[in-house]
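What follows is a short report on a single structure.
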4 protein chains.
Amino acid sequence: MRGRILKESIDLFDKKGFSKTSIQDIIDTIGVTKGTFYYYFKSKQELLMDIHLNYIKELLAEQEVIFNDEYLSNKEKMNNLISLIIKNIKIHGKSARVFNREFRHLDDNQLKLINDYRKEFRIKLQKLLGEGIEKGEFRDDLRCDIVIFGILGMVNRSYNWYDPDGEVSEEELVNTYMDIILNGIKKEEKTAHINEKIIENHFTG
Amino acid sequence: MRGRILKESIDLFDKKGFSKTSIQDIIDTIGVTKGTFYYYFKSKQELLMDIHLNYIKELLAEQEVIFNDEYLSNKEKMNNLISLIIKNIKIHGKSARVFNREFRHLDDNQLKLINDYRKEFRIKLQKLLGEGIEKGEFRDDLRCDIVIFGILGMVNRSYNWYDPDGEVSEEELVNTYMDIILNGIKKEEKTAHINEKIIENHFTG
Amino acid sequence: MRGRILKESIDLFDKKGFSKTSIQDIIDTIGVTKGTFYYYFKSKQELLMDIHLNYIKELLAEQEVIFNDEYLSNKEKMNNLISLIIKNIKIHGKSARVFNREFRHLDDNQLKLINDYRKEFRIKLQKLLGEGIEKGEFRDDLRCDIVIFGILGMVNRSYNWYDPDGEVSEEELVNTYMDIILNGIKKEEKTAHINEKIIENHFTG
Amino acid sequence: MRGRILKESIDLFDKKGFSKTSIQDIIDTIGVTKGTFYYYFKSKQELLMDIHLNYIKELLAEQEVIFNDEYLSNKEKMNNLISLIIKNIKIHGKSARVFNREFRHLDDNQLKLINDYRKEFRIKLQKLLGEGIEKGEFRDDLRCDIVIFGILGMVNRSYNWYDPDGEVSEEELVNTYMDIILNGIKKEEKTAHINEKIIENHFTG
DNA sequence: TATGAATGAGTATTCATTCAT
DNA sequence: GATGAATGAATACTCATTCAT
């Protein structure tokens with residue numbers, strides 16, 4: 001029952017938003033009474049907190065697995081992490097949207113805890129980026145924190161528009177994002193350019 | 001008075017969220033009575049809609065100006081548009097956050113209109129990108145829509161973490177984003193590689 | 001309206017008790033809606049606090065008048081204070097019962113304030129007694145605090161059984177209490193006793 | 001188990017009041033479940049009635065013992081009964097407070113029964129007083145009922161302020177009350193007066 | 001004896017909105 | 001333009017009680 005309440009709540013919170021979803025809505029969907037709801041959850045907010053905790057903890061666990069894979073380069077790990085987020089949309093898209101939209105309805109203590117977890121996830125990504133830089137996989141002239149905020153913004157917003165059953169496949173989306181992140185969207189003239197310049201210098205030097 | 005109500009509402013909606021801000025909160029902040037509020041606004045939702053319309057219309061107007069500047073390349077326009085968004089944080093951060101968070105509280109008709117405007121903004125960016133591709137400024141092997149969604153995600157999220165008075169200047173943020181978007185984060189081994197080789201050749205040549 | 005709500009609430013709290021009286025009961029009695037109640041009172045508890053404050057403040061004010069009457073002896077003041085309480089039953093009996101029964105439903109801060117006022121009333125009575133002792137109006141071999149607690153217990157309980165419209169008049173009740181308090185209920189044999197002693201002394205003297 | 005439930009309930013009812021104590025509170029304190037409670041008690045009210053019955057029946061039984069002691073004068077019996085009440089505070093203070101505070105939560109039938117017992121206790125005291133008057137132990141110019149109400153008020157309120165472990169011993173409290181009840185608080189000027197008269201008579205006699 | 005999931009009627013409280021003045 | 005008393009529908013939450021196991 002607890003599980004059903006969680007599931008239906010996520011559905012409703014995703015569809016209507018936390019504040020517009022009443023306990024009545026939830027129990028009507030399931031077909032139980034108010035007492036039942038409050039037998040399993042102390043309050044509407046505790047339910048919301050549960051949803052948040054479930055989501056972030058699972059995400060962190062999956063992040064951990066990728067992190068601990070010794071056979072992957074940092075670039076590959078980054079790719080897999082983005083893939084993780086995108087592929088989660090199909091299964092956990094609703095949770096993810098609730099997680100990213102409704103956290104303002106948590107109280108101060110709850111929010112602090114969730115934000116700590118959020119930060120943990122972000123810090124690990126920064127570490128991944130930092131190590132990648134040291135290993136020469138990534139550029140070393142950018143601020144890690146901004147880059148990660150940017151990447152997460154790019155990827156996380158997908159929950160709001162990406163339809164896993166639409167014309168763009170998950171793989172294509174992941175690859176596109178990775179491609180942008182790694183190589184940017186500019187037409188690569190640089191090589192030739194530099195080449196020319198150097199040669200030029202060479203001749204004039 | 002209308003302006004003051006708008007201003008204080010945006011403040012409160014940003015600070016506490018739309019659903020947690022009561023009309024009472026708003027009028028208490030200003031020091032007027034309920035009647036006054038309803039003299040200027042038909043309903044709380046109409047106020048929210050007003051905030052949305054003001055925001056998106058101004059943004060579209062500013063986008064238009066940049067678009068119509070004949071002396072800019074598409075890359076430069078893209079840069080200016082991102083700069084527009086980032087630099088707005090200081091002035092219109094509150095409105096922007098309300099705009100990006102609370103639109104779910106609009107009713108269906110209102111939401112449709114706002115989404116049309118949103119789409120208009122996005123489509124223009126896509127057009128900019130498309131033209132840039134044709135002109136050879138950008139790569140031609142990526143889906144425009146995904147790229148724009150990605151860029152917007154990256155940039156718009158800044159409203160949630162970027163502090164204009166913090167250690168990162170607006171210029172630095174804009175430049176970093178543009179750099180990532182244009183060039184990606186991968187270490188360009190090719191350039192250096194070629195470089196070295198050439199120099200090597202030069203000396204040995 | 002505020003006054004009506006107070007009045008009807010006191011009636012209901014007296015009749016049914018605080019916890020068994022719902023806001024619904026109150027507004028049904030008056031014939032208004034819930035919103036009206038909450039327009040005038042922040043909460044059910046604040047209403048209860050109001051009743052308490054009104055009651056004790058008026059009582060203290062009336063006590064003050066008696067206290068400041070320079071033409072009365074301490075014994076007369078004591079008599080008038082008891083008279084004050086008894087005669088209040090007709091007018092403020094309901095408030096008094098609510099005041100003496102329902103204070104446990106106040107929160108800690110409210111209770112502290114009310115208890116301070118309660119104490120103020122009691123301490124003034126103790127002072128009256130103490131001064132009376134110094135002037136030789138009362139015995140000096142009893143603890144003032146216990147005596148006052150006793151007197152107040154005796155008198156205040158009247159609210160629970162005394163019917164001002166019954167066969168015992170207010171004057172009779174006041175006189176009886178004063179008589180008990182001043183002289184006790186024992187048949188005065190002392191006279192004889194003293195008599196004997198005196199006579200004895202007389203004979204031996 | 002039944003006994004434990006009774007004991008803990010009295011504790012909680014005394015501490016928090018009947019209406020603010022939930023069945024959940026009670027079973028949590030004991031560490032059992034709802035079913036257990038309802039196995040032993042038909043309802044929360046039945047539990048309250050049990051507490052009331054236990055208390056008043058024991059009090060009546062103890063009153064009976066004192067009453068039936070042929071070797072005591074009525075004054076001594078009165079003294080012992082007051083002593084009984086005061087000394088009960090230490091052992092049955094909680095029950096007593098619950099008994100004196102929460103009876104309003106009984107239903108009509110229960111309340112009628114309890115009030116009959118209450119009255120029985122009071123009537124017996126009135127009888128004691130009446131007999132004492134006849135035997136010349138007490139004054140004959142006061143209404144028995146008022147006097148007894150007064151005495152009970154005085155003594156019963158002790159439950160609300162008297163701390164058996166404080167600086168005033170139970171004996172001192174009993175003695176003080178008995179002293180007030182028997183002799184009042186007025187400084188006995190009569191003695192001197194009588195003295196004078198007697199001496200006068202003596203001289204004239 | 002005891003469990004604990006489920007009930008459902010009830011309760012305080014909130015709040016956008018109206019409207020006579 | 002502005003007031004503020006009054007509305008009433010909605011909402012989160014409580015809790016004594018039941019009952020199948």
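To find a chain, count down the sequence lines: A is the first, B the second, and so on, and within it residues start at 1.
Remark: P of F:dT17 and CG of D:L47 are 10 Å apart, rounded to the nearest angstrom.
Contacts between residues 35-43 of chain B and DNA chain E, counted as heavy-atom distances below 4.0 Å, involve B:Y38, B:S43. Of all the residues in residues 1-29 of chain A, A:T21, A:S22, A:I23 reach under 4.0 Å from DNA chain F with at least one non-hydrogen atom. Near DNA chain F, meaning a heavy atom under 4.0 Å away, there are no residues from residues 104-111 of chain A.
The residue among A:K44 and C:G31 whose nearest nucleotide of DNA chain F lies closer to the 5′ end is C:G31. Positionally, the nearest nucleotide of DNA chain E for D:V32 lies more toward the 5' end than for the other of D:V32 and B:Q45.
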Secondary-structure string, 5' to 3', Watson-Crick or G-U under 3.5 Å, | for another-strand partners, for DNA chain F | .||||||||||||||||||||

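Note that the NE2 atom of A:H52 and the CG atom of A:N54 stand 11.0 Å from one another [nearest 0.5 Å].
For D:T21, the side chain to side chain contact (heavy atoms under 4.5 Å, CB included) partners are D:L12, D:F13, D:K16, D:D25, D:I26, not counting sequence neighbours. Every residue meeting the side chain to side chain contact (heavy atoms under 4.5 Å, CB included) condition with A:Y55, not counting sequence neighbours, appears here in chain and number order: A:L59, A:H92, A:S95, A:A96, A:F99, A:Y159.
Set against F:dA16, F:dA10, E:dT3, the side chain of D:K34 has F:dA16 as its closest nucleotide.
The environment of A:Y117 atom OH is sparse: at most 12 non-hydrogen atoms of other residues, nucleotides or ligands sit within 6.0 angstrom. The number of heavy atoms from other shown groups lying within 6.0 Å of NZ (D:K94) does not exceed 12. No more than 12 heavy atoms of other residues, nucleotides or ligands sit less than 6.0 Å from atom NZ of B:K119. Residue-environment remark: NZ (C:K42) stays at or below the threshold of 12 foreign heavy atoms within 6.0 Å.
D:T36 is not listed as a side-chain neighbour of D:I27, based on a closest heavy-atom distance of 4.5 Å or more. The shortest distance between side-chain heavy atoms of C:I114 and C:L53 falls below 4.5 Å.
Using cut-offs of 30° and 60° on the angle between ring planes, the pair C:H105 and C:F18 is tilted.
Taking a cutoff of 4.0 Å between a charged side-chain nitrogen and a carboxylate oxygen, C:D116 and C:K112 qualify as a salt bridge.
Side chains of C:N160 and C:R101: a donor-acceptor N/O pair is present below 3.5 angstrom, by distance only.
Exactly one of B:Y39, B:Y40, B:F41 qualifies for a ring pair (Phe, Tyr, Trp, His ring centres under 6.0 Å) with B:F37. That residue is B:F41.
Contact between the side-chain N/O atoms of D:T33 and the OP1/OP2 oxygens of E:dT3 is found at a separation under 4.0 Å.
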